[in-house]
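In what follows, a structure is listed as structure tokens, so that the remarks can point back to it.
Note that ligands are numbered from 1 as they come in the structure, with each ligand's atoms numbered from 1 the same way. These numbers were taken from a predicted model, which means no experiment stands behind them.
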Amino acid sequence: MNIYKEIETAFIHGGVNGDDTTGAVNVPIYQTSTYAQELPGIHKGYEYSRTGNPTRAALEALMAELEHGSAGFAFASGLAAISAVLSLFKSGDKVIISSNVYGGTFRLLDKVFKNFSITYSIEDTTNIEQLESRITKEVKAVFIETPANPLLTITDIEAVSKITKKHNILLVVDNTFMTPYLQHPIDFGADIVIHSATKYLGGHSDLIAGIVVVNSEELAEKIGFIQNAAGAILQPFDSFLLIRGIKTLAVRMDRHVENTGRIAEFLRNNKAVKKVYYPEFDDFKGSEINKKQAKNGGAMISFELKENYDINKFFLSLNLIILAESLGGVESLICHPASMTHAAIPCETRQKTGITEGLIRLSTGIENINDLIFDLAQAIERSEIK
Ligand SMILES: *Cc1c(COP(=O)(O)O)cnc(C)c1O
């Protein structure tokens, strides 16, 4: 039955292949809310599109296969996906999050789930011993991103999973930055993988979507129940767009990664740049761990300009690279984490975790590298305070 072995092929042929009824090579957009039943309860497997829709089901099967899990679930956004996972917990439970998770994940815990007495603590998940010492009987899950947002902090998935398994709690990994092309958290012991599919999976900055993949039947049943009960599902058209985006993930990622390597090198050798955060650099903390668990360092980098460069002048001087939230699109996007993606995190916490006012995050697109470097070089030059 195995007609392919490689993930590049799975991106194109995985999950549900085409449409048996018509021979269409793509899964149709089943734009319907409900389904005719022959007799009450007798139907073709679908009753109502919140519960199940064939286009969404095709995407969910594809994501389960790509992430080496047992089931996948598609949500209206990455945060809806994270919200569904947090809904597994009850009042009195606690979740440990790593110190630089996505700002929205922090906000969801701090401003919404806290009201239901589901609490959190922020820990340095790169320090495994210390992490284990923070696991009390209230802690029901460890939630990590690796590389994390925006300093690309690397957490050892396997080492954390040994601890979570020992204490019989869940390990949740937000795999948005790496995608299943570069990293498979479930292979290293994660129980749940989350994606903001808005980013690389969609890949074209034209949709908002979230994915949850689980590693067991038990979790599949629970997340499936929450997905239907709470109802933050992904629509058929967006499910189609996502399947379409995933088909080109490997070729896009290869170019994203190649361009990022070139830009990281350019920035490191530029006299205006104080520091570059990039997991592919051998002297980057955690680069060895990243090599063990991922194909490469991905396509996100952050950097700081020296004090004699005006960061706003730099942003204003960019002509090609777009100042915007989000990442993972074909176009290069740049952002200022302290005031944009991580503004929800209190200033003091931001400073402590290294998200300084001077930090710049770049999501390298798939444009020609010469144009990107030209744009960065001229903007840096113009931003010098003379
Ligand atoms: C964007 C993002 C999210 C949130 O996803 P949305 O699709 O914007 O709701 C979560 N985690 C990471 C790492 C992200 O980059």
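- With atom 7 (O) of ligand 1 as the reference point, the heavy atom nearest to it among T105, L79, L108, T198 is part of T198.
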Starting from the C-alpha separation in whole Å, work towards a yes-or-no answer on side-chain contact (heavy atoms from CB on, under 4.5 Å) for Q227 and I233. CA-CA 7 Å; Q227 184 192 39; I233 44 125; 3.8 Å; yes
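- In the candidate list H195, E325, K199, K199 is nearest to atom 1 (C) of ligand 1, counting heavy atoms.
- Between the side chains of R361 and N149, at least one donor N or O lies within less than 3.5 Å of an accepting N or O.
- Atom 10 (C) of ligand 1 has its nearest heavy-atom neighbour, among F177, F75, Y102, in Y102.
- Close approach of ligand 1 to A209 (heavy-atom distance below 4.0 Å) involves ligand atoms 7 (O).
- Side-chain contact check for Y35 and S49: at least one donor-acceptor pair (N or O, by modelled atom type) lies under 3.5 Å.
- Atoms of ligand 1 found under 4.0 Å from any heavy atom of L327 (numbered from 1 in listed order, with element): 15 (O).
- One distance of note links NZ of K137 with NZ of K140; it measures 8.5 Å at 0.5 Å rounding.
- Of all the heavy atoms of T176, the ones lying under 4.0 Å from any atom of ligand 1 belong exclusively to the side chain.
- Shown here are the side-chain contact (heavy atoms from CB on, under 4.5 Å) partners of A209, two or more places apart in sequence or in another chain: A197, L207, L234, L242.
- Residues satisfying the ring-ring contact (aromatic ring centres under 6.0 Å, His included) test with Y278, not counting sequence neighbours, are F281.
- Among all non-hydrogen protein atoms, the one lying nearest atom 5 (O) of ligand 1 is S196 OG, 3.0 Å.
- Heavy-atom contacts of G78 reach the following atoms of ligand 1: 5 (O), 6 (P), 7 (O), 9 (O) (cutoff under 4.0 Å).
- By the 30° and 60° cut-offs, the orientation of the rings of H68 relative to H184 is parallel.
- Within ligand 1, the atoms closer than 4.0 Å to a non-hydrogen atom of D174 are 10 (C), 11 (N), 12 (C), 13 (C), numbered from 1 in the order shown.
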